[in-house]
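Input: a single structure, listed below in structure tokens.
In what follows, chains are A, B, ... by sequence order, proteins preceding strands, each numbered from 1.
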Amino acid sequence: GNSVTQMEGPVTLSEEAFLTINCTYTATGYPSLFWYVQYPGEGLQLLLKATKADDKGSNKGFEATYRKETTSFHLEKGSVQVSDSAVYFCALTFRGDSSYKLIFGSGTRLLVRP
Amino acid sequence: EPEVTQTPSHQVTQMGQEVILRCVPISNHLYFYWYRQILGQKVEFLVSFYNNEISEKSEIFDDQFSVERPDGSNFTLKIRSTKLEDSAMYFCASSERKEGRYEQYFGPGTRLTVT
């Protein structure tokens, strides 16, 4: 079946460190890929997306590239800030799916220390 | 910026009671969803709704669950007879799904505690 696997957290970094959160997927077709972020006490916010192979999604200094050959969509940021502390979810959906439901990974908590 | 809202933010209920979770999707969106997240686990799809009917539901969404869009703005999830294992955070989401814009926008969630 279709699934998303994320690296276990928590990930603890110092401010200005480089961030990578790994995400790989298993899918029967060619999904669209997303990263959502959940700040403490808030709902899920779309961070970035990519809809086809080699697309790069980017927003707020975060980037992720859709790699079909490795079935991956790793999230990166060059210099994290304390305000980036949150839980990050990788997710996929299929545009041919009748409902476009999202399939999520288990989430990775990021803690950035000053 | 338009946003999805959910009420209540926290609901405590006794096992066997009925609960209704409410959501107000973004006004021009036509596709609506419920997801849930049991503490420490993945966010799981429950149901999608379009044109006043369910378009897809998961195995979790059994006969105890129902959804409704009673008027032009609200979208509700009803659990008829709650069980302990229904304790979770429930998220509502909506999507425009027009001209390639099919991202889902989520509400802040309702934390349901069944005692």
Side-chain angles (χ1 to χ4, degrees), chain A residues 1-10 23-27 30-52 55 57-60 64 66 73 86-109, chain B residues 1-7 9-10 21 23-26 29-51 53-61 67 89-111:
Chain A
N2 304 313
S3 65
V4 176
T5 302
Q6 288 181 238
M7 63 189 289
E8 294 263 340
C23 170
T24 57
Y25 66 89
T26 302
Y30 298 105
S32 295
L33 301 172
F34 304 86
W35 277 100
Y36 280 83
V37 58
Q38 185 177 31
Y39 297 104
E42 298 184 16
L44 297 162
Q45 298 177 25
L46 178 63
L47 181 59
L48 54 83
K49 68 174 183 179
T51 58
K52 61 184 188 298
D55 266 2
S58 60
N59 186 25
K60 300 181 182 179
Y66 189 141
F73 192 55
V87 181
Y88 293 81
F89 292 91
C90 186
L92 65 81
T93 192
F94 288 95
R95 279 180 287 174
D97 191 302
S98 61
S99 69
Y100 281 58
K101 65 180 177 292
L102 285 165
I103 297 170
F104 285 90
S106 54
T108 302
R109 182 175 300 278
Chain B
E1 187 177 328
E3 57 182 20
V4 177
T5 60
Q6 290 185 243
T7 54
S9 57
H10 191 189
L21 310 182
C23 168
V24 179
I26 294 172
H29 286 189
L30 300 176
Y31 297 83
F32 313 114
Y33 305 83
W34 283 101
Y35 294 82
R36 80 171 186 190
Q37 184 182 28
I38 295 172
L39 187 63
Q41 297 186 25
K42 291 186 180 187
V43 177
E44 302 171 288
F45 168 77
L46 291 178
V47 66
S48 60
F49 190 86
Y50 168 69
N51 201 25
E53 60 183 26
I54 291 172
S55 50
E56 186 173 352
K57 58 184 181 180
S58 72
E59 292 175 354
I60 303 166
F61 195 89
V67 289
M89 182 74 90
Y90 288 81
F91 293 106
C92 173
S94 70
S95 176
E96 191 174 8
R97 274 177 66 179
K98 190 167 87 171
E99 297 170 1
R101 292 191 292 271
Y102 52 92
E103 299 86 23
Q104 292 179 30
Y105 294 86
F106 284 76
T110 293
R111 181 169 297 285

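Applying the side-chain hydrogen bond (donor to acceptor under 3.5 Å, both in side chains) rule to B:S58 yields no partners; only residues at least two apart in sequence or on another chain are considered. Residues that satisfy the salt bridge (Lys or Arg N to Asp or Glu O under 4.0 Å) test with A:K60, not counting sequence neighbours, are absent from this structure.
Residues B:M89 and A:Q38 are not in side-chain contact: their nearest non-hydrogen atoms beyond the backbone lie 4.5 Å or more apart. B:F45 is not listed as a side-chain neighbour of A:I103, based on a closest heavy-atom distance of 4.5 Å or more. A heavy-atom distance below 4.5 Å is found between the side chains of B:Q104 and A:Y36.
With a 6.0 Å radius and a threshold of 12 heavy atoms from other residues, nucleotides or ligands, A:E42 has its CD atom above the threshold.
Chain A forms the most heavy-atom pairs under 4.5 Å with one residue out of B:P108, B:A93, B:S48, and that residue is B:P108. Listed options B:Y105, B:F106, B:Y31 were ranked by heavy-atom pairs under 4.5 angstrom with chain A; first place goes to B:F106.
Contacts between B:Q6 and chain A at a heavy-atom distance below 4.5 Å are absent for every atom of the residue. The contact between B:F91 and chain A is made entirely by side chain atoms (from C-beta outward), counting heavy-atom distances below 4.5 Å.
Interatomic distance, OG of B:S95 versus NZ of A:K101, reported as 14.0 Å (0.5 Å rounding).
A donor-acceptor distance shorter than 3.5 angstrom exists from the side chain of B:Y35 to the backbone of A:L102, with no hydrogens or angles considered.
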Q. Given the rule in the side chain to side chain contact (heavy atoms under 4.5 Å, CB included) test, do B:Q37 and A:F89 qualify, once you have shown the distances and angles that lead to the verdict?
A. CA-CA 12 Å; B:Q37 184 182 28; A:F89 292 91; 3.5 Å; yes
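Closest of all the heavy-atom pairs between B:E103 and A:L46 is CG-CD2, 3.2 Å.
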